[in-house]
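Only this structure's heavy atoms are used, side chains among them; waters, hydrogens and symmetry mates stay out.
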Amino acid sequence: VQLVEAGGGLVQPGDSLRLSCTASGLTFNPYYMGWFRQAPGQERKFVARITWNGFNTLYADSVKGRFIVSLDKAQNTMYLQMNSLKPDDAAEYFCALPARRRISSTQHLATSYDYWGQGTQVTVSS
């Protein structure tokens, strides 16, 4: 399984950005996919998760109401629409998916994901 993120860049506070994550080599139902981010010197943090049927989403409190995660199953691509970006949103953004299903209460944990992309950098600065 390979995950490739794209769409990062330099934006100003208040701007929007859309990230994508395309999965290839999938031979199983991944049940869900997730977005995480990691700023320099900090641990990797959960951002959002979407179930593979696209019906259920979960967001970190810090992005709720500003970010939207979506899924195009035909393209095996997950998106993260990021609106009203803040300097605190600046980080390397990673997508991930599990090799097997974990219970819902753990799907915000990085340990619930087995495959990771290489990351895409988002910089928010005026």
Side-chain angles (χ1 to χ4, degrees):
V1 176
Q2 278 194 317
L3 301 175
V4 178
E5 301 98 335
L10 170 63
V11 295
Q12 296 184 339
D15 284 353
S16 297
L17 203 59
R18 189 175 81 154
L19 307 182
S20 65
C21 169
T22 300
S24 60
L26 278 175
T27 59
F28 57 92
N29 181 344
Y31 299 109
Y32 54 88
M33 292 182 73
W35 285 101
F36 288 78
R37 66 187 182 186
Q38 187 168 20
Q42 297 186 20
E43 63 181 9
R44 193 166 294 190
K45 297 179 180 178
F46 173 74
V47 175
R49 183 273 286 142
I50 187 166
T51 53
W52 192 244
N53 59 18
F55 291 161
N56 188 277
T57 57
L58 179 68
Y59 296 94
D61 288 343
S62 58
V63 306
K64 203 172 293 183
R66 299 187 298 121
F67 290 13
I68 301 170
V69 61
S70 61
L71 185 66
D72 182 342
K73 286 179 61 178
Q75 301 294 326
N76 281 353
T77 299
M78 176 178 63
Y79 298 96
L80 185 67
Q81 177 67 42
M82 305 187 294
N83 301 317
S84 302
L85 282 161
K86 305 175 182 179
D88 284 350
D89 295 317
E92 188 86 7
Y93 281 72
F94 299 89
C95 64
L97 61 82
R100 59 179 180 85
R101 185 176 184 175
R102 270 75 162 191
I103 60 175
S104 297
S105 61
T106 67
Q107 289 175 10
H108 65 290
L109 301 176
T111 51
S112 291
Y113 297 80
D114 303 288
Y115 301 101
W116 293 83
Q118 82 289 349
T120 186
Q121 183 68 42
V122 173
T123 303
V124 184
S125 175
S126 55

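For D88, the salt bridge (charged side-chain N to carboxylate O under 4.0 Å, His left out) test picks out no residue, with sequence neighbours left out. Judged as a salt bridge (charged side-chain N to carboxylate O under 4.0 Å, His left out), and not counting sequence neighbours, R49 has no contacts. In this view, E43 and K45 satisfy the side chain to side chain contact (heavy atoms under 4.5 Å, CB included) rule, not counting sequence neighbours. With sequence neighbours left out, the salt bridge (charged side-chain N to carboxylate O under 4.0 Å, His left out) criterion links K64 to D61. Among residues two or more places apart in sequence or in another chain, the side chain to side chain contact (heavy atoms under 4.5 Å, CB included) test is passed with S84 by R66. For R18, there are no salt bridge (charged side-chain N to carboxylate O under 4.0 Å, His left out) partners, not counting sequence neighbours. Applying the side-chain hydrogen bond (donor to acceptor under 3.5 Å, both in side chains) test to N83 and every residue at least two apart in sequence or in another chain returns S16, Q81.
The two atoms that bring P13 and S126 nearest to each other are CD-N, 3.7 Å, heavy atoms only. L97 and A23 get closest at one heavy-atom pair: CD2-CB, 4.2 Å. D89 and R37 get closest at one heavy-atom pair: OD1-NH1, 2.9 Å. Minimum heavy-atom separation, G119 to E5: N-OE1, 2.8 Å. Nearest heavy atom pair, residue P98 against residue P30, reads CG-O, 3.1 Å. Contact record, A39 with A91: N-CB, 3.9 Å, taken as the closest heavy-atom pair.
Through side-chain heavy atoms spaced under 4.5 Å, either directly or across other Ile, Leu, Val, Met, Phe, Trp or Tyr residues, L10 is tied to no other residue. By the 4.5 Å side-chain criterion applied to Ile, Leu, Val, Met, Phe, Trp and Tyr, W116 is assigned to a cluster that also includes Y31, Y32, F36, F46, L58, F94, Y113.
T51 places a side-chain N or O within 3.5 Å of a backbone atom of N56 that can act as its donor or acceptor partner. Proximity of a side-chain donor or acceptor of T106 to a complementary backbone N or O of S112 within less than 3.5 Å is not detected.
Sequence neighbours left out, not one pair with a member in residues 70-87 passes salt bridge (Lys or Arg N to Asp or Glu O under 4.0 Å). Every pair passing salt bridge (Lys or Arg N to Asp or Glu O under 4.0 Å) that includes a residue from residues 104-126 is listed here, sequence neighbours excluded: R102-D114. Listed by first and then second residue, the disulfide bond (SG atoms under 2.5 Å apart) pairs involving residues 5-114 are C21-C95 (not counting sequence neighbours).
In this structure, L71 CG and T57 OG1 are separated by 11.5 Å, a value rounded to the nearest 0.5 Å. Going from atom OG1 of T123 over to atom CD of Q12 covers 12.5 Å, rounded to the nearest 0.5 Å.
Cluster annotation: V47 and Y115 are assigned to the same hydrophobic cluster (Ile/Leu/Val/Met/Phe/Trp/Tyr, side-chain heavy-atom contacts under 4.5 Å, transitive). Hydrophobic clustering (side-chain heavy atoms under 4.5 Å, transitive across Ile, Leu, Val, Met, Phe, Trp, Tyr) groups F28 together with I50. Both W35 and V1 belong to a single network of hydrophobic side chains, linked directly or stepwise wherever heavy atoms of I, L, V, M, F, W or Y lie under 4.5 Å apart.
Atom CZ of F55 has 12 or fewer heavy atoms from other residues, nucleotides or ligands within 6.0 Å. Around the CD atom of Q118, the shell of radius 6.0 Å holds more than 12 heavy atoms that belong to other residues, nucleotides or ligands.
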Residues M33, L3; criterion side-chain contact (heavy atoms from CB on, under 4.5 Å); working and verdict
CA-CA 11 Å; M33 292 182 73; L3 301 175; 4.2 Å; yes
Mind running side chain to side chain donor-acceptor pair (under 3.5 Å) on T77 and S20 for me, showing each step along the way?
CA-CA 7 Å; T77 299; S20 65; over 6 Å; no
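F67 is listed as a side-chain neighbour of L85, based on a closest heavy-atom distance under 4.5 Å. The side-chain heavy atoms of V63 and L80, taken from C-beta on, include no pair separated by under 4.5 Å. The shortest distance between side-chain heavy atoms of M78 and V69 falls below 4.5 Å.
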